[in-house]
A.B. asks: 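Just passing along the structure, written as structure tokens.
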Amino acid sequence: MYTESLVKLGKVRSEIREIFEYGNKRKAEIGAENVFDFSIGNPSVPAPKSVDEAIIDLVENFDSVALHGYTSAQGDAGVRETIANYTNKRFGTSITANHIYMTCGAAASLTIVLNAILQKDDECIAFTPYFPEYGVFIERTGAKLVAVTSEEKTFQIDMDKFEKAITERTKSVIINSPNNPSGVVYKVDTIKKMCNLLRKKEQEYGHPIFVITDEPYRELVYDDTEVPYIINYYDNTFVCYSYSKALSLPGERIGYIVVSPDMVEEEDAYAAVCGSARALGYVCASSMYQRVIARCIDDTADISIYKKNRDLLYNALTEMGYECVYPDGAFYLFVKAMGKDSHEFCEKAKEQELLLVPADSFGTPGYVRVSYCVQTKQIEDALPAFQALADSYK
Ligand code: PLP
């Protein structure tokens, strides 16, 4: 009676949610302070003060009907202009308001772009480890996700494997840097090689291959790490940005798409984004939050707390003998599971009240994700449990 594939999808909870729910149950049983929950990527740092000030000022001083009313489908023109100007100043681009579509977060941005470009039997490449929802979003378009295994240890793109994976059917490539779950940031050199290869393949196959860059973690980088702005390296780029992590506003659902001004048939590309959003019902992102982010355009949540957590956890775990990828960004530590199997490892971790996520659904069996967007005290308190878990493998 109902769409079978969607009934199935609705019944299967993601592994991360599964562990998160287990954590809530366990916290009720033994007290939240006794459960070390590293499962979910919910920012632990509050939104900056500028967000609260913007909300208060808008509520008190902005016309209420306009504040809560519809904006145009693609978002308020003034807000889009503010984003365009800020982006141009920061990255030297030539984006205008008419290259930007406001969305309710990166997930919406991705589904809009994927539906705008993918057709049945097309292929979309993602590099491991990748956000598991990519599979769900891509398959709904009738296209296929092609996973390309990244370089061992560095988790940069393996160019040989990438080249072999590109076929005539390849329509797009999704990149996510800083990466969930590895924390890895692609180096400029990696991006240049990726773009050169794609240009060569575009010529060979005679059609564009689009890069979709999924950027909820762009602002979460440490120690002056550079995150290349892909529009400056590759014409056929869609940027999917979100304020969920940058401003700690995941529940407010606000982000945007940028269609590169140098995109092939750029006007049609933007029209396809508008049409896709319309068909999916994603018109007019939150009117109030569009205005909020425009007023906080150059602010972020206090990233230094995540850096402190990263340093504490990375240094302690590597000292205990865990193998971890060094994370330059995001708020995840990607750890090689001890023993044979990441699920078994996570079950053993539960015995220490440690909640970790097996990374099999990210396309990387044998690894686990540790989200360090938690209070620093939780990391300090959890270190003996991590030690006991490591000892149990000796
Ligand atoms: N992409 C990645 C890699 C993510 O980690 C997330 C959320 O955690 C999303 C997209 C979705 O972000 P949003 O909350 O902005 O929809």
Side-chain angles (χ1 to χ4, degrees), residues 13-17 19-20 38-45 47 51 75 83 100-115 124-138 140 145 147 150 155 172-186 211-221 227 230 238-258 277 280-282 285-286 289-290 292-293 296 300-301 306 325 327-334 357 359 361-364 367 369-374:
R13 259 206 302 240
S14 83
E15 208 153 30
I16 301 170
R17 286 268 148 206
I19 296 163
F20 180 66
F38 294 96
S39 66
I40 206 146
N42 215 356
S44 55
V45 174
V51 166
I83 295 170
I100 294 176
Y101 194 102
M102 302 305 298
T103 65
C104 53
S109 304
L110 288 164
T111 49
I112 291 169
V113 170
L114 290 166
N115 278 279
C124 177
I125 289 176
F127 302 102
T128 65
Y130 59 82
F131 188 50
E133 294 304 281
Y134 293 166
V136 177
F137 298 160
I138 291 166
R140 276 309 290 169
L145 182 149
S150 296
F155 285 93
S172 63
V173 176
I174 302 188
I175 59 168
N176 169 226
S177 166
N179 183 270
N180 171 13
S182 72
V184 163
V185 175
Y186 289 149
V211 170
I212 303 169
T213 164
D214 179 21
E215 306 204 340
Y217 301 96
R218 165 167 283 281
E219 317 307 341
L220 275 62
V221 285
V227 185
I230 309 301
F238 293 92
V239 179
C240 296
Y241 188 85
S242 162
Y243 292 92
S244 293
K245 324 281 171 165
L247 283 175
S248 290
L249 294 173
E252 306 301 354
R253 316 305 301 134
I254 190 76
Y256 61 84
I257 297 163
V258 185
L280 292 167
Y282 280 145
S286 161
Y289 275 91
Q290 289 187 49
V292 170
I293 58 98
C296 307
T300 64
Y306 297 135
V325 187
D328 282 310
F331 42 44
Y332 307 105
L333 196 62
F334 204 47
V357 174
S361 62
F362 292 85
T364 37
Y367 284 83
R369 188 187 80 170
V370 187
S371 298
Y372 59 79
C373 44
V374 298

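Everything numeric in this text was worked out from a predicted model, so none of it was measured. Whatever order the structure lists them in is the order used to number ligands and atoms, beginning at 1.
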A.B. asks: As an exercise, identify every atom of ligand 1 less than 4.0 angstrom from a heavy atom of Asn176.
C.D. replies: 3 (C)
A.B. asks: Ring centres of Phe331 and Tyr217 under 6.0 Å apart?
C.D. replies: yes
A.B. asks: Answer with yes or no whether Pro216 contacts ligand 1, where contact means a heavy atom under 4.0 Å from a ligand atom.
C.D. replies: yes
A.B. asks: Minimum heavy-atom separation for Ser244 to Pro250, with atom names?
C.D. replies: O-CD, 3.2 Å
A.B. asks: May I ask you to identify, for Ala106, whether its side chain, its backbone, both or neither come under 4.0 Å of ligand 1 on a heavy-atom basis?
C.D. replies: both
A.B. asks: Tell me the closest heavy-atom pair linking Leu333 and Val325, and the distance in Å.
C.D. replies: CD1-O, 4.1 Å
A.B. asks: Give the minimum heavy-atom separation between Gly75 and Met102, together with the two atoms involved.
C.D. replies: CA-CG, 3.7 Å
A.B. asks: With atoms numbered from 1 as shown, which atoms in ligand 1 lie under 4.0 angstrom from a non-hydrogen atom of Arg253?
C.D. replies: 13 (P), 14 (O), 16 (O)
A.B. asks: So Tyr306 and Ser44, do their side chains get closer than 4.5 Å, heavy atoms only?
C.D. replies: yes
A.B. asks: Should we count CZ of Arg253 as having more than 12 external heavy atoms under 6.0 Å?
C.D. replies: yes
A.B. asks: For Tyr217, which part has a heavy atom under 4.0 Å from ligand 1: side chain, backbone, both, or neither?
C.D. replies: side chain
A.B. asks: Would you mind listing which atoms of ligand 1 come within a distance below 4.0 Å of any non-hydrogen atom of Ser244?
C.D. replies: 13 (P), 14 (O), 15 (O)
A.B. asks: Nearest to atom 8 (O) of ligand 1, what protein heavy atom do you find, and at what distance?
C.D. replies: Lys245 NZ, 2.9 Å
A.B. asks: Taking distance alone, with no angle check, do Leu110 and ligand 1 share an N/O pair under 3.5 Å?
C.D. replies: no
A.B. asks: Under 4.0 Å from a heavy atom of Asn180: give me the atoms of ligand 1 that qualify, with their elements.
C.D. replies: 3 (C), 4 (C), 5 (O)
A.B. asks: For side-chain hydrogen bond (donor to acceptor under 3.5 Å, both in side chains), just list the numbers for Thr364 and Thr128, CA-CA rounded to whole Å, side-chain angles, deciding distance to a tenth of an Å, and then say yes or no.
C.D. replies: CA-CA 6 Å; Thr364 37; Thr128 65; over 6 Å; no
A.B. asks: In terms of atom number and element, which parts of ligand 1 are under 4.0 angstrom from non-hydrogen atoms of Ala107?
C.D. replies: 11 (C), 13 (P), 16 (O)
A.B. asks: Looking only at protein heavy atoms, which one is nearest to atom 6 (C) of ligand 1, and how far off is it?
C.D. replies: Phe131 CZ, 3.5 Å
A.B. asks: Are Phe362 and Tyr332 an aromatic pair, judged by ring center distance below 6.0 Å?
C.D. replies: no
A.B. asks: Could you find the nearest protein heavy atom to atom 1 (N) of ligand 1 and give me its residue, atom name and distance?
C.D. replies: Asp214 OD2, 2.6 Å
A.B. asks: Quick one: does ligand 1 sit under 4.0 Å from the side chain of Ser242, the backbone, both or neither, non-hydrogen atoms only?
C.D. replies: side chain
A.B. asks: Quick one: does Val258's side chain get under 4.5 Å of Tyr241's, heavy atoms only?
C.D. replies: no
A.B. asks: Given that the side chain starts at C-beta and the backbone is N, CA, C, O, which of these parts of Glu133 lies under 4.0 Å from ligand 1, counting heavy atoms, or is it both or neither?
C.D. replies: neither
